[in-house]
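One structure is given here, and the rest of the page talks about it.
Just so it is clear: chains get the letters A, B, ... in the order the sequence lines come, proteins before strands, and each one is counted from 1.
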Amino acid sequence: MAKNLVIVESPAKAKTIEGFLGKDFLVKSSYGHVRDLSKNKLGVDVEKNFAPNYEIPPDKKKVVTELKKLSKDAETVWLATDEDREGEAISWHLAESLKLDDDKYKRIVFHEITAKAIKNAISNPRKIDNNLVNAQQARRILDRLVGFELSPLLWKKVKPALSAGRVQSVAVKLIVEREREIQNFKPESSYRVIAYFEVKKNNEKHSFKADLPKRFKTKKEALDFLESCKGAEYSVENTETKPSKKTPSAPFTTSTLQQEASRKLGFSVARTMMVAQKLYESGKITYMRTDSVNLADSAIESAKKIISNQFGEKYAKTRKYSTKSKGAQEAHEAIRPTYLENDAVAGSSDEQKLYQLIWKRTIASQMSEALFDKTNITIGISTSEYKFIATGEVLVFDGFLKVYIESSEDEDATSESSDSIILPPLKVSQKLDLKEINAIERFTKHLPRFTEASLVKKLEELGIGRPSTYAPTISTIQKREYVLKESREGHEREYGFICFKENKIFETKKTENTGVEKNKLFPTDIGVVVTKFLVEYFDDILDYNFTAELEKKFDDIAQGLYEWNKLINDFYGAFHDKVEETTKKSEKFSGTRLLGEDPKSGRNVYARIGRYGPMVQIGDTDEEEKPKFAGIRKNQSLESSTLEEALELFKLPRKIGLYEDKELIASVGRFGPYIKYDGSFYSIPKDEDPLNISKDRAVEIIEAKKEADRKKIIKTFEKEDPDSKILRGRWGPYFSYKGKNYRIPKDAEPEKMTYSECVKLTKQATSPKKTRKKKKGTTKK
DNA sequence: CAGTGAGCGAGCTTCCGCTTGACTT
């Protein structure tokens, strides 16, 4: 038996460390937290000074039992969880649930997974820091109280199964507020003036462009300016060249990795994390949930060698980065390749792409800055006070740009960041030939909508959420249907274009496409109404500084300056009163809007949130005749719906004719618009309207679906059992038998399988399937 | 799975942060 049991949080980490420590050490993993507040109850005794009731969740029973057994056999248990609030708490929960006496365990910490760091940690053990643990308990309990009191309030006042919390509700609010700003935004236009000049050098013509720094508010001003240019001469008044430089960005943290993978590879934040997890588990990168930009000394050294060998010594520059983000706890390293000498790895294409991104970013972070010469040339106009400015940028030394160019935040920025803009050599008082001047109408732009990754960036800036929760938070707010990730096509917009050439002015109108959105986050009606509700009654929790202020208090607790239950008590009194008070108010918070009067019945028409989502309603509930309801369409919104649109919705379900003597009915259901025909349902594509879909189109949809279903069938067994079939599903071929489905093994040829072979499959599969089904059933009950 | 929406009342939903598999028709 091993004398020493070391417990870390992640199994991949355990495997690595075991290699460093030799045979007297057995290294195991706790798989994160081993205890938590009860899943379905509040789990906090509000009456007894907020005493928490911790439980070992069912999926953690096995690992706790195993660790308990191993710890009994060991002389010393080394609690080696992360050195942050959560890590300290994990150690404490381990000590509690494994019943470790004070002299049985030692607490150690390290920030990088290197042999040196671990041996150093082993020789510097300490005890569990109870203050830090208490800070975690305060965090955990406050989050539970907020989440488990606000969510039920939403169920009562807005709609069942909604949720609210310190992190997710602020994330939604950011999107709701940004959308409101965008809707209220009125673009203003002005005229931007660009001149194109030409100079001759060695009989070669060089052309270049120059901007007028002044923007003209109106077309008339622009025209006046161009008019003044008639007969003008242009000459160089001043030239100025200054060196400039660009420095590389810090190595990746979770948040910056998510942002760059989104911009450069088009990954969602969840996809980035899944791929990174794979790379981590196979030992190719360091831990992927981190807020630290720090690199291990050994990695810095190895980077220096690789850069010197590959690019030359002048490309290497050792850099240490320090974090700028609020509330960073820096329990790990930055995300980097474990072995920097591997500039590529085997694996899926996603893994290769993400690995290369990480490799380049890490290497670049240890490289020299790129050097530029920036030239500004002022060009005078003989007939005007205005000046043109031409700017050039010449790359003198590429430095880190050799391996890595960071993507720009601004999606519309031109991608010339690494290319030089070269100006011809020009002398002061040199005369220039004008080719033409363009005055182009440009519009101001609203702030961009959030992408998943830019929302993560914003949350990190506000100190809200942690590396392990960014991706889950983003999917929660989409799962609750508070926000929608959507792409939208733009629309055409006309803009003025004035050209000045050979002393003549030509005016035209041109069009451009504007408002294109790709994978952006849009708030839904539910998101808007819930945010309105929470901001109205719980503005303190929805405040962007709420978490930051709390973090200061948690720090005080961690330093032993304040008691954790006192902090909770300070918060809970007023909070709970507000919840009670709001509960008592009888009216629902459903974002109701009176749209007008139904011309047929004279009854009121409303739009509001109902039990199943946004809907329109004719008539009031206290009237004798029951109100009529209809769900609103995906592309409509509560805030902008009109009486006309609402009345349209009541025209469904709509009979659209007969097909082979059976009725075709178009309507909208839970899963969107559909056609009902012969007892079956056929979905109408999103961009088509069930209100005016033609009979021919309906038949087309039905036949297409029937055809697809036919293709789904690989084989039937008319003789043996007409209800059993081999079908093609999302996960490959399967056998459908007596209402259940059985997977067909990959190496089998489904076309050639006989009925008895298929039935054999069902026999093999029954035992594990049954036990799982049972489990599910009992947990539900 | 293709309805629903009031109100009754049963029983259910829900938070944030740590961590992975087992499993999908």
At 4.0 Å (heavy atoms only), tell me whether [X] reaches a base, stays on the sugar-phosphate, or touches nothing.
X        : answer
A:Asp59  : nothing
A:Gln136 : nothing
A:Gly87  : nothing
A:Val167 : sugar-phosphate

Look at [X] and [N] and indicate whether a side-chain polar atom (N or O) is within less than 4.0 Å of OP1 or OP2.
X        : N      : value
A:Ser10  : B:dT20 : yes
A:Thr469 : B:dC16 : no
A:Arg166 : B:dG17 : yes
A:Arg480 : B:dC15 : yes
A:Arg289 : B:dT19 : yes
A:Gln168 : B:dC16 : yes
A:Ser163 : B:dC15 : yes

On DNA chain B, does the nearest nucleotide to A:Arg466 precede the nearest nucleotide to A:Ala164 from the 5' side, or the other way round? Give the residue.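 Going by which nucleotide is closer to the 5' end, it is A:Ala164.
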
Closest-nucleotide ordering on DNA chain B, the 5'-leading residue of A:Leu162 and A:Tyr287: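 Residue closer to the 5' terminus by nearest nucleotide: A:Leu162.
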
Taking [atom1] from [X] and [atom2] from [N], how many angstroms apart are they, rounded to a whole number?
X        : N      : atom1 : atom2 : value
A:Ile90  : B:dG17 : CD1   : P     : 13 Å
A:Tyr54  : B:dC18 : OH    : P     : 14 Å
A:His332 : B:dT19 : NE2   : C1'   : 11 Å
A:Gln277 : B:dA22 : CD    : P     : 14 Å
A:Asp36  : B:dC15 : CG    : P     : 13 Å
A:Met274 : B:dT20 : CE    : C1'   : 13 Å
A:Glu281 : B:dT19 : CD    : P     : 12 Å
A:Lys60  : B:dT19 : NZ    : P     : 10 Å

Shortest non-hydrogen contact from A:Lys157 toward A:Thr582: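 Nearest heavy atoms, A:Lys157 then A:Thr582: CE-O, 3.4 Å.
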
For DNA chain B, what are the stems built from at least three Watson-Crick or G-U pairs in a row, each pair having both distances below 3.5 Å? none

Proximal nucleotide (of B:dC15, B:dC16, B:dG21) relative to the A:Arg139 side chain: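 My answer, after comparing the listed nucleotides, is B:dC16.
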
When you measure from the side chain of A:Pro11, which nucleotide among B:dT14, B:dG21, B:dT13 comes out closest? B:dG21

Within 45° of the six-membered ring axis of [Y] and under 6.0 Å from that ring's centre, is NZ or CZ of [X] located there?
X        : Y        : value
A:Lys458 : A:Tyr544 : no
A:Arg144 : A:Phe148 : yes
A:Arg107 : A:Trp92  : no

One thing to verify: whether [Y] and [X] come together as a salt bridge, which I'm taking to mean a side-chain N less than 4.0 angstrom from a carboxylate O.
X        : Y        : value
A:Glu86  : A:Arg466 : no
A:Lys651 : A:Glu648 : yes
A:Lys39  : A:Glu55  : no
A:Lys578 : A:Asp540 : no

A:Phe148 on top of B:dT14's base, within under 5.5 Å and under 30°?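 Check passed, A:Phe148 stacks on base of B:dT14.
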
Tell me whether A:Trp155 is stacked on the nucleobase of B:dT14, counting only the six-membered base ring and applying the 5.5 Å and 30° thresholds. no

Can you tell me how far CD of A:Gln329 sits from OG1 of A:Thr290, rounded to the nearest 0.5 angstrom?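 Rounded to the nearest 0.5 Å, the OG1-CD separation comes out at 10.5 Å.
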
To the nearest 0.5 Å, atom OG1 of A:Thr547 lies from atom CG of A:Asp143 at 8.0 Å

Going 5' to 3' through nucleotides 2-7 of chain B, assign each nucleotide B (protein heavy atom under 4.0 Å from a base atom), S (under 4.0 Å only from sugar-phosphate atoms) or - (no protein heavy atom that close). BBBBB-

Does any donor-acceptor pair link the side chain of A:Arg140 with the base of B:dC15 at a separation under 3.5 Å?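 Such a pair is found, so the answer is yes.
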
Tell me if the side-chain of A:Arg144 makes a donor-acceptor pair with the base of B:dC16, cut-off 3.5 Å, by modelled atom types.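 Side chain to base: no pair present.
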
Please identify each residue that fulfils side chain to side chain donor-acceptor pair (under 3.5 Å) with A:Ser97, with sequence neighbours left out.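 Expected list: none.
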
